[in-house]
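The structure appears right after this line, and notes come after that.
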Amino acid sequence: MRTQVGIIGAGPAGLLLSHLLRRSGIDSVIVESRSRADIEGTIRAGVLEQWLVDVIDELGLGARMHAEGHFHTGITLQFSGERHHLDIEELTGGKKVTVYAQHEVIKDLVTARLAQGGAIHFEVTDVAPQGIDSARPSIRFRTKEGVLETLDCDFIAGCDGFHGPCRQAIPAAIRTEYQKIYPFGWLGVLVEAPPSWHELIYANHDKGFSLLSTRSETVQRLYVQCPPQDDLADWSDDRVWSELHERLATKTPWTLTEGKIFQKNIVGLRSFVCETMQHGRLFLAGDSAHIVPPTGAKGLNLAAADVLILSRALDAFYKSDTSDLLNSYSQTCLKRIWKAERFSWYMTTMLHKNPDESSFEQRIHLADLDYVVHSHAACLAIAENYVGLPL
Ligand code: FAD
Ligand code: DHB
């Protein structure tokens, strides 16, 4: 087997990369360890930055996103029982908040790639990037049928998420990892109910953070801060509703519409960056190189930004025979990644109740929120980060 770019992982990074490369006339093959049904059914992120919506449109893949996604003009910050609208559209000169679930993006990208005749090998095992120091790297893997294959390629894109093998393939001596683990997690639920509010609510509360998001006219996505070691068994539906009602309560009357909870999951929160993101002919993209806590809605968007930068560099390599952009890939990505790390850390710190912090620090977060909602400059800073910094 041979291709120009071998892609490990069919998450948002790997799939979007295959589409961007196709637009440049560059051939790619994806190997993915999970099944198609599994990647299309895993519930994760929900918010797309404006430039990503535009890229999806440019690729001709935006029809369902426009029909089924939700386009909001802003977000609501809640604290001390009061809500404050941040008019993202006005603050950013017309950019919107797009709520369209990650697994729906995955479905659109997989369907289109397969319809184009693109190669995605699902349910592969024993995946190993090889020869990344050489001009002839390859990916060894075992197919679903058990056949051992070698995919020869010019470059390998490591889009294999946080637990994949690619990051470890970069020698430890040239890799520096930066990490912060937060002492809290998020319990996420999907609920059969109509929207309770016209936009996302990010709520600071003495009992902990909560987030109200949406999926459709009949399904809502809600999150509550919980201890990271909590088990789903600790969270009966009654307890979820009681915490949500308390944390989202306002001084003025408002109703949180309940409904049947049909999905629950708990994730721990961490910040992580791996420097460098490249070695020889291997390029890391997305969660394989960095993780953000979800409060800034950046994880999926950062993964997409990496592969846009990588696709431009590969385009320059194949069309103009120049490796400059490839050589500076990691540096280019990391400049923007660290700003998204900062924003995600800032939103997380300001909005959560950290059990390790003093009452002084908790009051500082309230002062920060009060400053944000009363300062045009501070609102603008949140808005321009939320919609995504320039690429
Ligand atoms: P992934 O989506 O992780 O894709 C990597 C792919 O590589 C996977 O399909 C995996 O199966 C595959 N793979 C792994 N190992 C191998 C191997 N050895 N061989 C072949 N394939 C392999 N972000 C938010 O902004 N908001 C959220 O609410 C949110 N919730 C999240 C919940 C969970 C449980 C997780 C894990 C992440 C969440 N994120 C969230 C983050 C966001 O979903 C990720 O940042 C995004 O998925 C990154 O895309 P990616 O393509 O880099 O990696
Ligand atoms: C969603 C997830 C986020 O992390 C976020 O900041 C906003 C919305 C969501 O799943 O809808």
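Numbering of ligands and ligand atoms starts at 1, following listing order. Quick note: residue numbers are just sequence positions, from 1.
Within the set Tyr386, Tyr223, Tyr202, the minimum heavy-atom distance to atom 5 (C) of ligand 2 is found for Tyr202.
Both the sub-6.0 Å distance and the 45° axial angle are not jointly satisfied by Arg281 relative to the ring of Phe283. For Arg342 and Trp345, the positive end is not near the middle of the six-membered ring at less than 6.0 Å and at most 45° from its axis. In this structure, Arg64 forms no cation-pi arrangement with Tyr100, as its terminal cationic atom is not both closer than 6.0 Å to the ring centre and no more than 45° off the ring axis. A cation-pi arrangement is found for Lys298 relative to Tyr386, the charged atom lying closer than 6.0 Å to the ring centre and inside a 45° cone about the ring normal.
Counting heavy atoms under 4.0 Å from ligand 1, residue Ser33 touches it through both backbone and side chain. Contacts between Asp287 and ligand 1, counted as non-hydrogen atom pairs separated by less than 4.0 Å, involve both the backbone and the side chain. At a 4.0 Å heavy-atom cut-off, ligand 2 touches Thr295 through the backbone alone. The residue Tyr100 has no part lying near ligand 2, judged by heavy-atom distances below 4.0 Å. Of all the heavy atoms of Ser288, none lies under 4.0 Å from any atom of ligand 1, so neither backbone nor side chain is involved. Neither the backbone nor the side chain of Asn301 has a heavy atom within less than 4.0 Å of ligand 1. With a heavy-atom cut-off of 4.0 Å, Ser213 touches ligand 2 through its side chain alone. The side chain of Gln102, and not its backbone, has at least one atom closer than 4.0 Å to an atom of ligand 1 (non-hydrogen atoms only; side chain from C-beta on).
When only interatomic distances are considered, the shortest N/O to N/O separation between Ala13 and ligand 1 falls below 3.5 Å. Some N or O of Arg215 is nearer than 3.5 Å to an N or O of ligand 2, by distance alone.
Less than 4.0 angstrom separates some heavy atom of Gly161 from each of these atoms of ligand 1: 3 (O), 5 (C), 53 (O).
Put simply, atom 3 (O) of ligand 1 has protein non-hydrogen atoms near it, under 4.0 Å away.
The pair Arg142-Glu149 fails the salt-bridge criterion, with no side-chain N (NZ, NE, NH1 or NH2) lying under 4.0 Å from an Asp/Glu carboxylate O.
The closest protein non-hydrogen atom to atom 4 (O) of ligand 2 is Pro294 O, 2.7 Å.
Ligand 1 lies out of reach of Phe162, whose nearest heavy atom is not under 4.0 Å from it.
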